[in-house]
Amino acid sequence: MTWYQQNRRDLPWRGESSPYRVWVSEVLLQQTQVATVVPYYQRFMERFPTVADVSAAPLADVLKMWEGLGYYARARYLHQAAMEIVTQYGGQLPNTYAELRRLPGFGEYTAGAVASIAFGEAVAAIDGNVKRVLSRLFAIQTSVTRQLKQIARELVEQASCLLSLDRQDACPTSPGDWNQALIELGALVCLPKTPRCATCPLNELCQAHQQGLEHVLPLKPVKKKLPHYDVSAAVICQAGQYLIAQRPLKGMLGGLWEFPGGKQESGETLSECLQREIREELGLTIEVEQPIISIKHSYTHFKITLHAFYCHLTEPQTPQTLQVADWQWVTLADMANFAFPRTDLKIIAALQQRD
DNA sequence: GAAGCGTGGAC
DNA sequence: TGTCCAAGCTT
């Protein structure tokens, strides 16, 4: 706790805070690095200062604030939870782990983090940092999940009891500070690849370090290679406007807008692929023209090369919502009002260069 | 318990 | 260029 007090980073969601701000920061930080989150957090708080502001906004506005961040289900769950908090709890976050855990997007970690940091409840908050710190501190190699939960629970309970008996020192005393101290130690000292054991306040207690296992623990599962696909995207122009489509709400990039297209099947040219996809998704017949840009991109479970082509309708036609949530004709300038995945933002940038 | 879900930075 | 992996959650 002394180390944490002296080494904690000054982050926008620390200091003058509120349960809402803690919650938003925790959701943004899920699987996302602090440096990436900071500007998103600032913009999100300006646009949605309170829970009521999020709950009153259309999902499209929340997704727009999430644009480029990834794991877009987080934005949907945050929006859903905000609406529940307004209707069920009068706009105030429930103040216990058990109640928070029932809300969309509140898993064990996030419920534990908000309950401990915002409300002082003595519950554990086990993220990737804490897993790494505790795995090394206790040299845990098997039955990881059960042991870690047990240890983290005992630690936060004991820490809050001990510290409350000993208030004459200036150390932080809350379970929230305890949990954040473990996280901060993992983020700044107990690093995944090159742990800084020489400067670690726990190095003499750390069983992994004593046994020379700090580079081995925690044990990592073997990962398989990501498959690669060629994907095509149609930039369909008509009278200075472009056709964009909204992806289905559930699943990959749910609710985001894109230039329609899809995966190339074997024995198919990119041109044929586009014509098939646009017919299947929107019921349109197109002609494919010149290529615009090809983009390499890696997702969580596969890699793609995305090939964008100028296209036009063979005759006047109205799109149908066969496999898309919605569609819209928009100008280049209008596109700023829709949330796009990274790859499509690159296509838009290419279009602007030609414009 | 495992799979699906984004993106960017570090190395 | 490739790989790892980050303040995880839902199904």
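Chain A is the first sequence line, chain B the second, and so forth, proteins listed ahead of strands; every chain is numbered from 1. Computation of the quantities below employed the complete heavy-atom set of this structure, encompassing side-chain atoms and omitting hydrogens, waters and symmetry-equivalent molecules.
Within the 4.0 Å cut-off from OP1 or OP2 of B:dT7, at least one side-chain nitrogen or oxygen of A:H297 is found. Neither OP1 nor OP2 of C:dG2 sits under 4.0 Å from any side-chain N or O of A:K303. Between B:dT7 and A:Y72, a contact under 4.0 Å exists linking OP1 or OP2 to a side-chain N or O. Of the side-chain N and O atoms in A:R101, none sit less than 4.0 angstrom from OP1 or OP2 of C:dC9.
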- Show your working on side chain to side chain donor-acceptor pair (under 3.5 Å) between A:T96 and A:E99 and close with a plain yes or no. CA-CA 5 Å; A:T96 64; A:E99 286 176 293; 3.0 Å; yes
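A donor N or O paired with an acceptor N or O is found under 3.5 Å between the base of B:dG6 and the side-chain atoms of A:T32. Taking only distance into account, the side chain of A:T300 meets the base of B:dG6 through a donor-acceptor pair shorter than 3.5 Å.
In terms of position along DNA chain C, the nucleotide closest to A:E26 lies nearer the 5' end than the nucleotide closest to the other residue of the pair A:Y77 and A:E26. The residue among A:K346 and A:F302 whose nearest nucleotide of DNA chain B lies closer to the 5′ end is A:F302. A residue-by-residue look at A:G107 and A:K296 shows that A:K296 has its nearest nucleotide of DNA chain C further toward the 5' end.
Between the side chains of A:E26 and A:Y109, at least one donor N or O sits under 3.5 Å from an acceptor N or O.
Within the nucleic acid shown, A:T110 comes within 4.0 Å of sugar-phosphate atoms alone, with no base atom in reach, counting heavy atoms only. Within 4.0 Å of A:L253, counting heavy atoms only, lie sugar-phosphate atoms of the nucleic acid but no base atom. Residue contacts shown for A:W66 are absent, as no nucleic acid heavy atom lies under 4.0 Å away. The residue A:E108 sits close only to the backbone: its heavy atoms come under 4.0 Å of sugar-phosphate atoms, none of a base. Looking at heavy-atom distances under 4.0 Å, A:R14 makes contact with a base. Residue contacts shown for A:L11 include a base, since a base heavy atom lies under 4.0 Å away. Base contact: A:R9 has a heavy atom under 4.0 Å from a base atom. Heavy atoms of A:G68 sit under 4.0 angstrom from primed sugar atoms or phosphate atoms, though from no base atom.
Looking at A:E46 and A:R43, no side-chain N of the basic residue comes within less than 4.0 Å of a carboxylate O on the acidic one, giving no salt bridge. A salt bridge links A:R276 with A:E280: at least one charged nitrogen is closer than 4.0 Å to a carboxylate oxygen.
The aromatic ring centroids of A:H297 and A:Y299 lie less than 6.0 Å from each other.
With B:dG9, B:dG6, B:dA3 as the choices, the nucleotide that has an atom nearest any side-chain atom of A:Q33 turns out to be B:dG9. Looking at the side chain of A:Q30, the nearest of the listed nucleotides C:dG8, C:dA7, C:dT3 is C:dG8. With C:dC9, B:dC5, B:dT7 as the choices, the nucleotide that has an atom nearest any side-chain atom of A:R342 turns out to be B:dT7. In this structure, of B:dT7, C:dT10, C:dA7, it is C:dA7 that holds the atom nearest to the side chain of A:I183. With C:dA6, B:dG8, C:dA7 as the choices, the nucleotide that has an atom nearest any side-chain atom of A:P192 turns out to be C:dA6.
If you measure from atom NZ of A:K225 to atom C1' of C:dC4, you get 16 Å, rounded to the nearest angstrom. Nucleotide C:dG8 holds its P atom 12 Å from the CD1 atom of A:I126, rounded to whole Å. In this structure, the CD atom of A:Q31 is 15 Å from the C1' atom of B:dG9, given to the nearest Å. In this structure, A:Y40 places its OH atom 14 Å from C1' of B:dG9, rounding to the nearest Å.
Separating the P atom of B:dG4 from that of C:dA7 is a span of 24 Å, rounded to the nearest Å.
Using modelled atom types, no side-chain atom of A:H307 and backbone atom of A:S271 make a donor-acceptor pair closer than 3.5 Å.
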